[in-house]
**Q** 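Pasting a structure below so you can have a look.
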Amino acid sequence: MTTVRAILKNALPLIPKHGFTRECLSLAALKLPSSPELPDAGVSALFGNGDESRKALIRAWLKEGLETMAKSDSPSQQPGSHSSLRTLLARRLEYNELVLKYLPDAFALLASSPTPTLLDPRPAITHNISIADEALHLSGDISTGMRWYSRRMALALVYGSSELHQLRSPETALAFLEDNIERLKSLEEAEGSVQEFAGFVFNGWKGIIKSRGLL
């Protein structure tokens, strides 16, 4: 394991106390064998100047979130079922809980761009789609063709809107997820609902982008 990867791994348990900060990375170096606290110049040398080092830590935390889903026991429900997906997405929301107060700033930082007045929506979209893809994979989903894509887009919307709700009202996040899963289930099971389903996805993504200040 490289020094960079080792420090990032050591930093993850420190995030609930120190946040997604350069200080967190510096303190994480202390956990390496015979290593002193990493000076600020050392943080920059290994992870980048300024906020680039913080972005590296955020991305490592997001990656661990996906790995946590994969390490969990697979749901025993029917492969690809909405019950399985609900369980997996609920676990991912629970992963947020210890660092919830830091997430608005972390997501805003990932969306930042060299142009101060412009925000990049791609990190938020990638984040939600990655979680949806992992949940469908772990659930044993066997969708093909357009359904493979539409399920990922729709489930990414379900997770993304639930995560936004979690930031505002943590105590009702799981109930909100439950309602969204039930709506998705109804739309997927209803015949002739292609237009309504497309509207659900389009309007939902538009709402997420607006809520993150990206539109």
Side-chain angles (χ1 to χ4, degrees), residues 5 12 55 58-97 103 106-107 110-111 119-167 172-212 214-215:
R5 289 179 60 191
L12 295 174
K55 288 181 180 180
I58 295 167
R59 293 186 187 110
W61 178 83
L62 292 174
K63 183 173 181 289
E64 187 195 47
L66 291 177
E67 293 171 352
T68 298
M69 293 173 67
K71 290 176 182 176
S72 302
D73 293 334
S74 298
S76 59
Q77 296 94 347
Q78 180 181 352
S81 70
H82 294 91
S83 180
S84 297
L85 296 172
R86 180 190 303 112
T87 299
L88 289 163
L89 295 188
R91 283 189 193 138
R92 183 55 186 76
L93 287 177
E94 289 167 358
Y95 174 75
N96 289 344
E97 289 176 355
L103 290 186
F107 290 143
L110 289 179
L119 294 176
D120 185 358
R122 289 173 297 179
I125 293 172
T126 300
H127 165 59
N128 293 323
I129 291 178
S130 296
I131 289 171
D133 183 64
E134 187 69 9
L136 284 162
H137 170 70
L138 292 173
S139 74
D141 180 63
I142 56 173
S143 299
T144 58
M146 286 304 299
R147 181 171 170 80
W148 188 94
Y149 292 99
S150 64
R151 289 208 88 188
R152 277 155 179 78
M153 290 300 293
L155 196 65
L157 161 63
V158 166
Y159 178 80
S161 59
S162 299
E163 188 173 70
L164 279 173
H165 185 89
Q166 183 185 35
L167 296 178
T172 60
L174 294 181
F176 187 87
L177 171 65
E178 176 85 19
D179 290 343
N180 271 345
I181 288 287
E182 285 304 312
R183 186 180 178 197
L184 176 62
K185 180 180 179 182
S186 297
L187 288 172
E188 286 188 336
E189 292 178 349
E191 294 186 12
S193 64
V194 175
Q195 185 174 357
E196 186 179 358
F197 182 80
F200 169 72
V201 173
F202 175 79
N203 291 327
W205 273 107
K206 184 178 179 181
I208 287 177
I209 292 172
K210 271 188 161 183
S211 295
R212 292 199 183 276
L214 303 174
L215 184 64

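This is a predicted model, so every value here is computed, not measured.
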**Q** Once side-chain hydrogen bond (donor to acceptor under 3.5 Å, both in side chains) is applied, do any residues pair with Thr172, and if so which ones, sequence neighbours excluded?
**A** His165, Ser169
**Q** Any sub-3.5 Å donor-acceptor pair from Ser139's side-chain atoms to Leu136's backbone N or O?
**A** yes
**Q** Roughly how far, to the nearest 0.5 Å, is the CG atom of Leu184 from the CG atom of Asp179?
**A** 12.5 Å
**Q** With Glu134, which residues qualify under side-chain hydrogen bond (donor to acceptor under 3.5 Å, both in side chains), at least two apart?
**A** none
**Q** State, without any angle test, whether Ser84 and Thr87 hold a side-chain donor-acceptor pair at a distance under 3.5 Å.
**A** no
**Q** If the condition is salt bridge (charged side-chain N to carboxylate O under 4.0 Å, His left out), which residues does Glu178 pass it with, not counting sequence neighbours?
**A** Arg86
**Q** Got Tyr95 and Met69 here, is their nearest side-chain heavy-atom distance under 4.5 Å?
**A** no
**Q** Nearest 0.5 Å, please: how far is CH2 in Trp61 from OG1 in Thr68?
**A** 9.5 Å
**Q** Could you measure the distance from the CZ atom of Arg91 to the CD1 atom of Ile131? Nearest 0.5 Å is fine.
**A** 14.0 Å
**Q** Under a 4.5 Å cut-off applied to non-hydrogen side-chain atoms, are Phe176 and Glu163 in contact?
**A** no
**Q** Can you tell me how far CG of Leu157 sits from CZ of Arg183, rounded to the nearest 0.5 angstrom?
**A** 8.5 Å
**Q** Taking only residues two or more places apart in sequence, or in another chain, which ones meet Leu174 in a side chain to side chain contact (heavy atoms under 4.5 Å, CB included)?
**A** Ala90, Leu93, Glu94
**Q** Going from OG on Ser162 to CG on Leu167, what distance comes out if it is rounded to the nearest 0.5 angstrom?
**A** 11.0 Å
**Q** Should Ser143 and Asp141 be marked as a side-chain hydrogen bond (donor to acceptor under 3.5 Å, both in side chains) after you check the CA-CA gap, both sets of side-chain angles, and the distance that decides it?
**A** CA-CA 6 Å; Ser143 299; Asp141 180 63; 2.9 Å; yes
**Q** Got a sec, which residues hit side chain to side chain contact (heavy atoms under 4.5 Å, CB included) with Arg59, two or more places apart in sequence or on another chain?
**A** Lys55, Leu110
**Q** What closest approach, in Å, do Ser161 and Asn180 show between heavy atoms, and which atom pair accounts for it?
**A** OG-ND2, 2.9 Å
**Q** Does the side chain of Leu85 come within less than 4.5 Å of Arg151's, by heavy atoms?
**A** yes
**Q** Who pairs with Asp133 by side-chain hydrogen bond (donor to acceptor under 3.5 Å, both in side chains), at least two apart in sequence or on another chain?
**A** Arg152
**Q** For the residue pair Leu66 and Ser130, what are the closest heavy atoms and their distance?
**A** CD2-O, 3.8 Å
**Q** Less than 4.5 Å apart, any side-chain heavy atom of Leu89 and any of Leu155?
**A** yes
**Q** How many angstroms lie between atom CZ of Arg92 and atom CG of Leu177, to the nearest 0.5 angstrom?
**A** 12.5 Å
